[in-house]
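Here the structure comes first, spelled out in structure tokens, and everything after it is commentary.
Positions are given from 1 along the sequence. First listed ligand is number 1; within each ligand, the first listed atom is number 1.
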Amino acid sequence: MQDNEKLVTMNTWKKDMEATKRRYVDWWQRRGIIVNMWEHFQQGVVPHADVPMPPAARDLNQKWFDPSWRARYLDWYVAHSSLMADMLPVANTQLGPGSLAAILGSVFEGGDDTIWIHPSPQFDPAIPFDRNHPNYVLHKELLKACKEQAQGHYYVGMPDLMEGLDVLAALKGTDQVLMDTVMHPEVVERQMQRINDIYFQVFDELYDIIREGDEMAFCYFSAWAPGKMTKLQSDISTMISVDDYQRFVLPFISEQCRRIPYTLYHLDGVGAIRHLPALLTIDELDAIQWTPGVGEPQGGNEKWYGLYRQILDAGKSVMCCWVTLDELPRLLEHIGTDGVHLEMDFHNEQEVEQALEIVAKASAVKTGMAAATPATVTPLPIDRILVLDGAMGTMLQQTISNFSGCSDLLCLTQPDAIAAIHRRYLDAGADLIETCTFNAQRISLADYGAADRVRDVNLAACRIAREAADDYSRRTPQKHRYVMGSIGPTNRTITPTTDSVPPLTRAELKAAYCEQIAALMEGGVDGLLIETIFDVENARVCLEAAVDTMRAQQRRLPVMLSFTVNTPDGYNMMGQNIEQFIDSLQETPALAEAVYSIGVNCHGNVQQISPLIRRLANETPYRISFYPNAGHPDSHGHYAKTPQALQAELWPLIEGHCLNIIGGCCGTTDSHIRLMAQAVEPIGSLYISPHVLSKVKQKGDNSGDNAVGASRSDSIQQSTTLTPLGTAILNGNDTDAMAITLRQLTKGVNGQQLIDGEMIPAMAELGRLFEQGRAFVPQLLMAGKAMKAAIGAISAHSPAPPSHLGRVVIGTVKGDLHDIGKNLVASMLEGCGFEVTDIGIDVPKERFVEETRTRQPDIVCMSALLTTTMGYMREVIAALEQAGLRKKVKIMVGGAPVSQRFADEIGADGYSNNANAAVAVAKHLLGG
Ligand code: B1M
């Protein structure tokens, strides 16, 4: 925004509107904090004006669509609503979400609590824009009436028009849009551009009605801006791959961001998080709002801290929704108070006051005014495997001739040599680089007469690494680079080793570590890496030093612990067991919680140590790091394992989702790191998700595990061996599926054999890929189509015998769109002599009752494929009972989540888990 943009003075009912405006101006620029809420509450509010409530609406039509009634109602509503904190005086016409679709032909329907928008009855692919469409006229009349009624006491919010794929889905149906992304991508692109073009026309015309000078407010997502602002979204994106998002969503959203000065993206649901990196590449996008979705904790939960930090770190503001008072202090502690918009869950004005107090305290902490500052944490991305750099020492030996001595001192004497190595690793794709400070504590530096240079060495090392990392972060803003402060084990331990070397005292060691850690923190590291731990007791002291220093500095950083081990069962050279040590940390919660990740480094045999890594991933509550050596050194100290060999050895751990951080230790070079980065970087839309901590096991999590990792999409890579028919189905190729089926049938292969042996396994494989996030809804739809084509070929090839066994009505229950299994059962029953009426998918109980009454079947068959819809079968049975029909029919149920036990529970007469057995069950039910 331009700072000189004009703010108008209205006579709003909100007394402190000017202060709220200033806070919004800041917030759009990622500064300051807004305290707001979605819907205003009215409890205990002294009305702002004496506005009478209009008489009750005659009907839903008047309630939502009569401009004069609605304007009077909203006038009353705003006059009686709380406008404390940054709650905005806005009349929300509630046209939407998605009212652009209604303007383009979808159908508006007023419900009790909201307006519904149904798909257009006649969708025209050219998407004509008729300015006289009644829904467009309604928009304008409603907004004008509200504006007139408002008299400057409040804003009239911009309706939630929505855009792009969501509008297209509302016009022609979600399934059709998804299938078109595969079958007719260029049509989708054309239609998206057309929708965008119309969007800007409509937006501008509506803006001219609602604007107050250069200002406006938005209906939902309560926000104000000193210029045109909009909320953007793509809810359908949860069903598409990263590649499809880049193709069908990003260009159009980007155009909106370029043309509208203030933009807020509504990121909805865990399934949408995989598109965040793409969104963050839109420079002009100002803010992102996060809606966790059904079954997830709301926006104030710690699970989302990492997500918020990721957004804030990318320079965007965030909007956190439905935050409760008790969550607020910790949330602010972790994400700070700059660029944060809170949509609180307030119920009364006392709660608002409490929230304002919490916010004031948190803001004071930020400016250093509070005594006990809570910790903030540097977030590391958790949605993908991070790449740590490779060796420093062996690289220095290669680059500086005759180098021996303390590499850390080179930070003072040859900073360019160190910087060059950092840059080689960053260039290779490292996310994290380590400061050259492995020995930079006074105990080790004493050997070089440099015990008093601890602070100098660490600060110099941080400056060199920071400059390199920040430079790369600037070049690739979508991929932030982090600096980890490397802390080695010291050359002496507190555990006695030999009689000749006296062990260190705990106090000596801790003081040395505290000194180094304080310097690293002063130098601006993003985290601490306590590495090459060969004495777990040293590590414990180091961890204590880290916790104490962070506490003293009022800052928390992620702490990685990386051990050396000598045996696959986790023993080190001191005979200590690292798994036992990790377990023992749990006895000291302050230590256990400080640990961000654990892992192994400096080992030359990846295969030998892989079972230990797997065990750590499965049995400990931490993220896992692994950075092995490039094999074993030869007699000249050369490490010979090639980058390809090392990558191949690491691959099973990567693919097995056992790792969060990979990198290299002794002997590895930028070539090794480059291949590791390639292995975990998205290639097209494919990337491997990291090890995911189970909620129960999760510890020390300062960033929240909201990650949805793997996002393999278009190229479906099966992991089981499918036949050509199975592959055709998996790839959604209906032509091939039908042709292969016909070929097989003419060769005499039995249709049933094809279904059971080739087609169903393909669908099972697809389900697995879908679960892993490696296939998306468009692929499911296409496979469904291919499966139906193949089943159609089988049915046509084997004509049904005359039906005499009995009458069946079959359908998939309400809310469920899966019909392949149901179709199979129907055709098997038909093929075996039943007269079958298929009443389709998404069938409500009333329809089951009606069909039972009119067709008088012997058996009513219900199918359900979702755990969320199987319960509806019980309702159908109850409805049949209520209609007095239950005793006249038998009921058979089935579908993947349905079991015999469930069937018994809901009072069904029969159940089968496959289409063949369904025939036997049906015959049995009829006494056959
Ligand atoms: Co969806 N889907 N799907 N899907 N889909 C499943 C079912 C799922 C298990 C995938 C997964 O996560 N692994 C999962 C359900 C998870 C759960 O509830 N626990 C799922 C999900 C989540 C979803 C959506 C929510 C995805 C989204 O939008 N984000 C969405 C829901 C839409 C809705 O219904 N409201 C959705 C959508 C779809 C498509 C529409 C895209 C597509 C269906 C296309 C179509 O049917 N025309 C689809 C598909 C294809 C699948 C999978 C991959 C395959 C289903 C299938 O056809 N299997 C499925 C994963 C899987 O099952 N492996 C999955 C083959 C078929 C022959 O088996 O239907 O089980 P089935 O039938 C068997 C037996 O169960 C039995 O006989 C049949 C033959 O042996 N049987 C009966 C079935 N009905 C019977 C009735 C009987 C007797 C036996 O007596 C009356």
Side-chain angles (χ1 to χ4, degrees), residues 169 173-176 178-179 182 235-240 269-272 293-295 716 726 729-730 732 734 752 755-791 808-829 834 836 838 840-843 848 857 859-873 876 890-900 903 908-922 925:
T174 306
D175 283 10
Q176 195 53 53
L178 294 173
M179 303 253 278
V182 182
D235 279 359
I236 200 172
S237 71
T238 56
M239 300 186 203
I240 62 177
V270 171
V294 185
I716 293 195
I729 288 179
L730 189 71
D734 54 352
Q752 196 58 51
I755 293 173
D756 293 343
E758 304 189 24
M759 291 156 64
I760 291 184
M763 292 312 258
E765 170 72 355
L766 182 62
R768 215 176 53 75
L769 293 168
F770 180 76
E771 230 162 58
Q772 294 170 355
R774 295 162 71 187
F776 295 86
V777 176
Q779 283 87 32
L780 261 54
L781 279 167
M782 299 300 291
K785 226 169 134 227
M787 177 97 173
K788 282 185 190 172
I791 291 171
V808 171
V809 162
I810 186 166
T812 304
V813 297
K814 188 173 161 187
D816 203 317
L817 308 178
H818 297 85
D819 68 353
I820 296 168
K822 183 259 306 167
N823 293 348
L824 270 178
V825 175
S827 45
M828 286 301 292
L829 288 170
F834 286 86
V836 178
D838 185 344
I841 52 175
D842 194 19
V843 180
F848 275 107
I859 309 176
V860 170
C861 287
M862 288 185 272
S863 180
L865 263 272
L866 300 171
T867 37
T868 47
T869 55
M870 59 194 270
Y872 192 77
M873 293 174 164
V876 176
K890 296 288 180 196
I891 290 175
M892 173 157 73
V893 293
V898 180
S899 62
Q900 181 66 57
D909 304 301
Y911 156 78
S912 116
N913 64 3
N914 67 73
N916 296 340
V919 176
V921 174
L925 289 178

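Here the shortest heavy-atom pairing between Phe834 and Ile859 reads CE2-CD1, 4.4 Å. Between Met828 and Ala915 the shortest heavy-atom distance is CG-CB, 3.7 Å.
Interatomic distance, Leu781 CG to Asp175 CG, rounded to the nearest 0.5 Å: 4.5 Å. One distance of note links CD1 of Ile820 with CG of Leu865; it measures 8.5 Å at 0.5 Å rounding. Distance check, rounded to the nearest 0.5 Å: CE of Met873 to OG of Ser863 gives 6.0 Å. With rounding to the nearest 0.5 Å, the separation of NZ in Lys785 from CD1 in Ile729 is 13.5 Å. A distance of 7.0 Å separates CD1 of Ile841 from NZ of Lys822, quoted to the nearest 0.5 Å. Note that CG of Leu866 is 5.0 Å distant from NE2 of His818, once rounded to the nearest 0.5 Å.
Within the 4.0 Å heavy-atom cutoff, Pro897 does not count among the residues contacting ligand 1. Between Met759 and ligand 1 there is no heavy-atom distance shorter than 4.0 Å.
Close approach to Leu824 involves these atoms of ligand 1, each under 4.0 Å from a residue heavy atom: 67 (C), 79 (C). Interface of Lys788 with ligand 1, defined as ligand atoms under 4.0 Å from a residue heavy atom, comprises 47 (N). Near Val893, meaning under 4.0 Å from any of its heavy atoms, are these atoms of ligand 1: 87 (C), 90 (O), 91 (C). Within the listing of ligand 1, atoms 63 (N) sit less than 4.0 angstrom from a heavy atom of Ala764. Near Met892, meaning under 4.0 Å from one of its heavy atoms, ligand 1 places the atoms 90 (O), 91 (C). Per-residue contacts place Met862 under 4.0 angstrom from the following atoms of ligand 1 (heavy atoms of the residue considered): 86 (C), 91 (C). Proximity to Gly895 (heavy-atom distance under 4.0 Å) selects the following atoms of ligand 1: 75 (O), 81 (N), 82 (C), 83 (C), 84 (N), 85 (C). Listed by number with element, the atoms of ligand 1 under 4.0 angstrom from any heavy atom of Gly815 are 33 (C), 34 (O), 35 (N).
When only non-hydrogen protein atoms are considered, atom 12 (O) of ligand 1 lies nearest to Phe770 CD2, 3.4 Å. When hydrogens are left out, the protein atom nearest atom 74 (C) of ligand 1 is Asn913 O, 3.5 Å; that is the closest non-hydrogen contact. Among all non-hydrogen protein atoms, the one lying nearest atom 28 (O) of ligand 1 is Val777 CG2, 3.7 Å.
At a 3.5 angstrom cut-off on N or O pairs, Ala915 counts as close to ligand 1. Checked by distance only, ligand 1 and Gly767 come closer than 3.5 Å through their nitrogen or oxygen atoms. Where the criterion is an N or O separation shorter than 3.5 Å, residue side chain and backbone included, Leu781 fails it with respect to ligand 1. Ligand 1 has a nitrogen or oxygen under 3.5 angstrom from a nitrogen or oxygen of Ser863. Considering backbone and side-chain N/O atoms, Ala896 comes within less than 3.5 Å of an N/O atom of ligand 1. Close N/O approach between Met763 and ligand 1 is found [any backbone or side-chain N/O within under 3.5 Å]. Remark: ligand 1 and Asp175 share no N or O pair separated by less than 3.5 Å (distance only, no angle test). Any N or O atom pair closer than 3.5 Å counts here, and Ser912 shares no such pair with ligand 1. Note: an N/O pair closer than 3.5 Å links Leu817 and ligand 1 by distance alone. Checked by distance only, ligand 1 and Arg768 stay at 3.5 Å or farther apart across all their nitrogen or oxygen atoms.
Nearest to atom 78 (C) of ligand 1 by heavy-atom distance, out of Gly271, Gly821, Ala903, is Gly821. The residue among Asp819, Ile791, Asn823, Ile859 with a heavy atom at the shortest distance from atom 45 (C) of ligand 1 is Asp819. For atom 64 (C) of ligand 1, the nearest non-hydrogen atom from the set Met870, His818, Met782 belongs to His818. Which of Asn916, Thr867, Ile760, Thr812 comes nearest to atom 17 (C) of ligand 1 through a heavy atom is settled by distance: it is Thr867.
Contact annotation: for Asp816 versus ligand 1, heavy atoms closer than 4.0 Å belong to both the backbone and the side chain. Counting heavy atoms under 4.0 Å from ligand 1, residue Thr868 does not touch it at all.
Under 3.5 Å, the side chains of Asp756 and Asn916 contain a donor-acceptor pair of N or O atoms.
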(Q) Apply side chain to side chain contact (heavy atoms under 4.5 Å, CB included) to residues Met862 and Phe848 and explain how you reach the verdict. (A) CA-CA 9 Å; Met862 288 185 272; Phe848 275 107; 3.7 Å; yes
Q: Walk me through it: do Ile755 and Ile760 pass the test side chain to side chain contact (heavy atoms under 4.5 Å, CB included)?
A: CA-CA 6 Å; Ile755 293 173; Ile760 291 184; 3.9 Å; yes
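Using a 4.0 Å threshold on non-hydrogen atoms, atom 26 (C) of ligand 1 counts as touching the protein. Checking atom 52 (C) of ligand 1 against the protein gives no heavy-atom contact under 4.0 Å. There is a protein heavy atom closer than 4.0 angstrom to atom 10 (C) of ligand 1. Atom 59 (C) of ligand 1 is never approached by the protein to below 4.0 angstrom, counting heavy atoms only.
Between the Thr812 side chain and the Ala864 main chain, no donor and acceptor come within less than 3.5 Å of each other. A donor-acceptor pair under 3.5 Å is formed between the side chain of Gln779 and the backbone N or O of Phe776. Remark: the backbone N or O of Gly271 is not paired with any side-chain donor or acceptor of Thr238 at under 3.5 angstrom. Checked by atom type and distance alone, the side chain of Asp909 never pairs as donor or acceptor with a backbone atom of Met892 at under 3.5 Å.
Asp842 and Lys814 are not joined by a salt bridge, as no carboxylate oxygen comes within less than 4.0 angstrom of a charged side-chain nitrogen. The existence of a salt bridge linking Lys788 and Asp819 is confirmed by a sub-4.0 Å separation between a basic side-chain nitrogen and an acidic carboxylate oxygen.
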